[in-house]
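Chain identifiers are assigned alphabetically (A, B, ...) following the order of the sequence lines, protein sequences preceding nucleic acid strands; residue numbering begins at 1 within each chain.
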Number of protein chains: 2
Amino acid sequence: MVAQHVARDADIASVASLIADPTRAAVLTALLDGRALAAGELARLAGVTPATASAHLSRLLDGGLVTVASQGRHRYYRLTGPEVAEVLEVLARISPRPAVRSLRQSRQARLLEEARTCYDHLAGRAGVRLLAALVDAGYLVGQDAYELTGSGETALSELGVDVAAARASRRRFAPACLDWTERRPHLAGALGAAITQALLERDWYRHGASRRVLEPTELGRKGLAAMFSGKELTCSTPVTQARE
Amino acid sequence: MVAQHVARDADIASVASLIADPTRAAVLTALLDGRALAAGELARLAGVTPATASAHLSRLLDGGLVTVASQGRHRYYRLTGPEVAEVLEVLARISPRPAVRSLRQSRQARLLEEARTCYDHLAGRAGVRLLAALVDAGYLVGQDAYELTGSGETALSELGVDVAAARASRRRFAPACLDWTERRPHLAGALGAAITQALLERDWYRHGASRRVLEPTELGRKGLAAMFSGKELTCSTPVTQARE
DNA sequence: ACCATGTTTCGACCCTAGCCCAACCACGGT
DNA sequence: ACCGTGGTTGGGCTAGGGTCGAAACATGGT
């Protein structure tokens, strides 16, 4: 007697098995900031030999989770798209938070919780606070998906956000995304990405050592404080700058 | 030399590995309608012996993907919550659509595409059409997340939807959810669930043989046509009723 | 032409994890 | 108190897949 209802669903097990391996998960996580990385770099980040990494990348490629671009003798891998990043984010939401072991890791964890990119938009405490501030200021209205008000459009344009381009994109405009660490929403979608880009271009935030971590600059602290009349958006007592 | 940046993220690999096994994926999919099923029933659905299923369920339990309730000599398993269902749904979105093999499977697939539950709300072509109709009728406004208009509140209340309860729920009220098969949004969240419940209670839709499939009744066709002044919401040429 | 660097392929090893069978435990009914 | 059914546990088998070293392939620089 065989299974009565053969699942006629998509084959989620095959995709899940691609993410299920710790090495591949590390690779995907490393790509979570949306940038393209070379195979060797990914091997190093994941802590395996190039041979092993290559095998994994080949499987991820087959599964359509990553795409590759050859450039000279390098091969740059990147996530196929936001859908893949979303899967990783949603998985993280129901994954056990690992116990912190070492001081170095604990610092890393705190940095990630404070401010990071979630594929291409600001997440973590800073992301949650930013969304709250934008709503408080009357720049955004809505609940789970937001719309820009007139004053919001002006304010963001002044910041250097290309609102028109964000609107023209085929992506959802300004959906909320439940933050993985904060369990409260931050701003995602085309607008979230555009704002984050502007923050980086203005040098209000900078990529940290681990790339996904974002750190506010002095300029950024002041700029944000001015923009939202003194609301505390950045971590006032910066995480101790231990260098390893 | 060990990995340079040990990922300080959640351990997504462990959760993914729980979903990665075809048998466990089948079990989770079977639970995707939100109901609680007995261990033996799940074993039968997944096509394995009770012993095997028990081992799998035990792992899913450890991983927090399912919860269990003992009732007499039965043990009823259910998904832990909507977050788990969301993971499965999002995974399905980037999973390869399996090639249809047999006629029986093709029928199943068509039924699933036409109308099904997505955890606890209507999905598939019918779900997408329903959302479009609700927006067209001016009952819902918004983009990625919706709000109920005055006329919408009246209309849905008449249908037997408990809008107040849906609003009181801690869940997001009326977010859009990108449909896995249609790639267009259907209505999710507390309101989506409440509407679906009302449709079932009114006997406008009934559970199909495979439980996740929903089929409109004659009453439902007429009711929906009247409610939306003739818009075609249900499949006019019903899928051929082959009985195996 | 040659070498150095980055990447993939091949072969071999090991180990995890899924499967079933059989026995055991738990609960209900008679 | 006894059986029958539903469920879990332990043992043994097997297969699939992750790992690395060595070698082949590709590209760029000298």
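- Side chain of B:Val48, nearest nucleotide from C:dC19, D:dG7, D:dT19: C:dC19.
- Close to D:dG7, at under 4.0 Å from its OP1 or OP2, lies no side-chain N or O of B:Ser54.
- Using a 4.0 Å cut-off, some side-chain N or O of A:Arg75 falls inside it from OP1 or OP2 of C:dT8.
- Shortest non-hydrogen contact noted between B:Ala25 and A:Ala13 is CB-CB, 3.9 Å.
- Checked options B:Gln197, B:Arg35, B:Arg171; the residue passing with B:Asp120 is B:Arg171 (criterion: side chain to side chain donor-acceptor pair (under 3.5 Å)).
- Protein atom CZ of B:Arg73 is 6 Å distant from nucleotide atom C1' of C:dC27, rounded to whole Å.
- The distance between atom CG of A:Leu42 and atom P of C:dT8, rounded to the nearest whole Å, is 10 Å.
- Here the side chains of B:Thr29 and B:Leu88 are not in contact, with every heavy-atom distance at 4.5 Å or above.
- At whole-Å resolution of the value, CG in A:Leu18 and P in D:dG17 are 11 Å apart.
- Within the structure, a side-chain polar atom (N or O) of A:Arg24 is placed less than 4.0 Å from OP1 or OP2 of D:dG18.
- As a whole-Å value, the separation of A:Gln71 CD from C:dT7 P is 12 Å.
- In this structure, OH of B:Tyr76 is placed 11 Å from P of D:dG6, rounded to the nearest angstrom.
- Using a 4.0 Å heavy-atom distance criterion, A:Ala51 is classed as a base contact.
- Nucleotides of DNA chain D nearest to B:Ala55 and A:Ser17 differ in position, and the one nearer the 5' end is that of B:Ala55.
- Look at A:His56 and you won't find any side-chain N or O under 4.0 angstrom from OP1 or OP2 of D:dG17.
- Across the protein-nucleic acid pair, A:Glu41 atom CD and C:dG6 atom C1' stand 13 Å apart, rounded to whole Å.
- Straight-line distance from the CG atom of A:Leu45 to the P atom of C:dG6: 15 Å, rounded to whole Å.
- Taking side-chain N and O atoms only, B:His74 has a distance below 4.0 Å to OP1 or OP2 of D:dG7.
- Among the atoms of the strands shown, only primed sugar atoms or phosphate atoms (P, OP1, OP2) are found under 4.0 Å from some heavy atom of A:Thr23.
- Dashed line: the shortest gap from a side-chain N or O of B:Arg59 to OP1 or OP2 of C:dG18 is under 4.0 Å.
- The backbone N or O of B:Arg184 lies less than 3.5 Å from no partner atom in the side chain of B:Asp179, so there is not a single donor-acceptor pair.
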List the steps and the verdict of ring pair (Phe, Tyr, Trp, His ring centres under 6.0 Å) for B:His121 and B:Tyr119.
-> CA-CA 6 Å; B:His121 54 270; B:Tyr119 193 56; 7.9 Å; no

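- Residue B:Thr49 places none of its side-chain N or O atoms closer than 4.0 Å to OP1 or OP2 of C:dC21.
- Nucleic acid contact for A:Ala38: sugar-phosphate only, since backbone atoms but no base atoms lie under 4.0 Å from a heavy atom of the residue.
- B:Asp21 places its CG atom 12 Å from the P atom of D:dG17, with the value rounded to the nearest Å.
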